[in-house]
Amino acid sequence: MRKQVLMLILVITGISQYIVSEEKITDTSIKQLADEFKSAKGITSQRAILSKLSETELKTEEDISSLADIIHQSNDDELKMEASSIFVTLSDNKKDVSKNYTKAYIELLESDEKMVRVAAINVLGKLNAKEAAPKLKRIVDDFSTTKYKILSVISKKKAFELIYEPGAATIALGEMKDLGSIPLLVDKFYDLDECCGIALASMGREGVKALIKLSKTDKAEEGKPSPIQALNYVHDASVKDILFEVLNDPKADVWLKSGVLRVLVMNLKDKTVLSELKKNYSSYESSLRWDII
């Protein structure tokens, strides 16, 4: 279930089936298409308008409101997700315009439509809108595992939807590199595991230190992602020295060392890693030597 939520969030962040054409529609505004969408009858008609919408450009603050209206007016959940993805893609494609309207995106966090809020959260993360961080942290903090478990018994779908916002907010905080949110993400790791892992891995040295500390006291339930697995999202070569500290720590668990070694070799793409591994090869445990080989 959590994997599905993560995939959904990644889709909404703009990895969409809608590839925005280089040939933009210049004679049709987003507002015009929003008006057409509102009066369109049936999912097929609405989807055709979404296809046109994906070829437009965001130009004004009013366009943001029109895009939100389209999500509101979508006739089913799948259309809402598609419209949300286009919202994020168009906003991200025109960051120079979107950055002028950060306040408008923050105001959408109060929308009564969940997918509007999720789309706005994703845009705020991409815009590095740190002024939105307090509200995003509140969204993450409000997530209730107890409520999630109760809903899971009643409706898997509703439980699934409960994670949309806090999951998106977690990843957005990571994109912003909001170091002040690290204690919260650590606290929520076993509630929003993979999303927190992605966020912490995105935050550079302090985030990686937090993941390593979590890994040393891992409390992940069976079948759920662990902090060690979250290290796979680390691609920042500046944390190489921190990872080598773990590898050379005689008190560190061999499974943590193995995970760290995988990141060093597979993710960082830093040739000096190989020379350092070779230099210290004889000092590593036998299982790690096999991993190095």
Side-chain angles (χ1 to χ4, degrees), residues 9-38 49-74 80-140 164-181 198-199 202-204:
I9 290 168
L10 292 176
V11 166
I12 295 169
T13 59
I15 304 171
S16 169
Q17 63 178 304
Y18 292 97
I19 308 296
V20 179
S21 169
E22 291 183 6
E23 295 181 11
K24 306 295 181 185
I25 293 177
T26 56
D27 58 345
T28 307
S29 70
I30 290 175
K31 186 180 184 310
Q32 284 175 296
L33 290 173
D35 291 340
E36 286 181 33
F37 194 87
K38 187 175 182 179
I49 294 169
L50 287 185
S51 185
K52 292 180 184 178
L53 183 68
S54 68
E55 298 175 350
T56 61
E57 284 187 346
L58 187 145
K59 296 178 180 178
T60 68
E61 186 171 355
E62 186 181 27
D63 287 341
I64 296 169
S65 177
S66 294
L67 289 168
D69 286 342
I70 287 172
I71 299 172
H72 268 287
Q73 298 294 331
S74 297
K80 284 185 188 294
M81 290 178 194
E82 291 172 7
S84 300
S85 182
I86 293 171
F87 180 116
V88 177
T89 300
L90 294 181
S91 299
D92 191 38
N93 284 347
K94 297 293 288 184
K95 279 184 181 175
D96 55 330
V97 175
S98 298
K99 283 181 178 179
N100 296 324
Y101 306 127
T102 301
K103 186 178 177 183
Y105 289 111
I106 292 175
E107 287 174 356
L108 289 180
L109 298 181
E110 306 302 324
S111 170
D112 58 4
E113 169 57 58
K114 183 189 293 287
M115 296 312 295
V116 169
R117 300 195 300 269
V118 172
I121 288 168
N122 280 301
V123 173
L124 289 165
K126 290 178 179 299
L127 294 178
N128 192 28
K130 287 186 169 63
E131 59 267 48
K135 289 195 173 191
L136 299 184
K137 284 189 268 193
R138 193 153 52 246
I139 291 168
V140 176
Y164 288 2
E165 269 184 275
T170 299
I171 291 174
L173 287 167
E175 288 181 305
M176 294 174 185
K177 299 191 187 305
D178 183 73
L179 301 186
S181 67
I198 290 172
S202 302
M203 289 187 180

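All residue numbers refer to positions in the sequence shown, counting from 1. Note: hydrogens, waters and symmetry copies are ignored here, and every other heavy atom, side chains too, is used. Keep in mind that what you see is a predicted model, and the values were worked out from it rather than measured.
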Could you tell me if the side chain of K52 sits less than 4.5 Å from the side chain of F37, heavy atoms only?
no

Option from V116, D63, I64 for which side chain to side chain contact (heavy atoms under 4.5 Å, CB included) with F87 holds
I64

Once you round to the nearest 0.5 Å, how far does CD of Q32 lie from CG of L53?
12.0 Å

All pairs passing salt bridge (Lys or Arg N to Asp or Glu O under 4.0 Å) where residues 111-121 contributes a residue, at least two apart:
K80-E113, R117-E165

Measuring only between side-chain heavy atoms, which start at C-beta, is V88 closer than 4.5 Å to K126?
yes

Spacing of CG belonging to L173 relative to NZ belonging to K130, to within rounding of 0.5 Å:
10.5 Å

Taking only residues two or more places apart in sequence, or in another chain, which ones meet D35 in a side-chain hydrogen bond (donor to acceptor under 3.5 Å, both in side chains)?
K31

Nearest heavy-atom neighbours spanning P166 and V140
O-CG2, 3.8 Å

Nearest 0.5 Å, please: how far is NZ in K59 from NZ in K94?
8.0 Å

Would you indicate whether the side-chain heavy atoms of H72 and S111 approach each other to under 4.5 Å?
yes

Taking every heavy atom of S54 against every heavy atom of L90, the minimum-distance pair comes out as O-CD2, 4.1 Å

Kindly give the heavy-atom pair with the smallest separation between S74 and A83, and that separation in Å.
OG-CB, 3.9 Å

Is any side-chain heavy atom of R138 less than 4.5 Å from a side-chain heavy atom of L136?
no

pair L67-L58: side-chain heavy atoms closer than 4.5 Å
yes

Answer yes or no: is there a side-chain heavy-atom contact under 4.5 Å between I30 and T60?
no

Kindly give the heavy-atom pair with the smallest separation between A172 and I121, and that separation in Å.
CB-O, 3.7 Å

Just so I know, are the side chains of S181 and M203 near enough to count as touching, which here means a heavy-atom distance under 4.5 Å?
yes

Please confirm whether the backbone N or O of E61 pairs with a side-chain atom of S65, one donor and one acceptor, at under 3.5 Å?
no

Main-chain N/O of S98 paired to S91 side chain as donor or acceptor, under 3.5 Å
no

Tell me, please, which residues at least two apart from S66 pass side-chain hydrogen bond (donor to acceptor under 3.5 Å, both in side chains).
none

Quick check: does any side chain N or O of S202 sit under 3.5 Å from a backbone N or O of I198, one acting as donor and the other as acceptor?
yes

Which heavy atom of M176 sits nearest a heavy atom of A132, and at what distance?
CE-CB, 4.4 Å

So how far is it from L127 CG to N100 CG, rounded to the nearest 0.5 Å?
10.0 Å

Min side-chain heavy-atom separation L124-T102 under 4.5 Å
yes

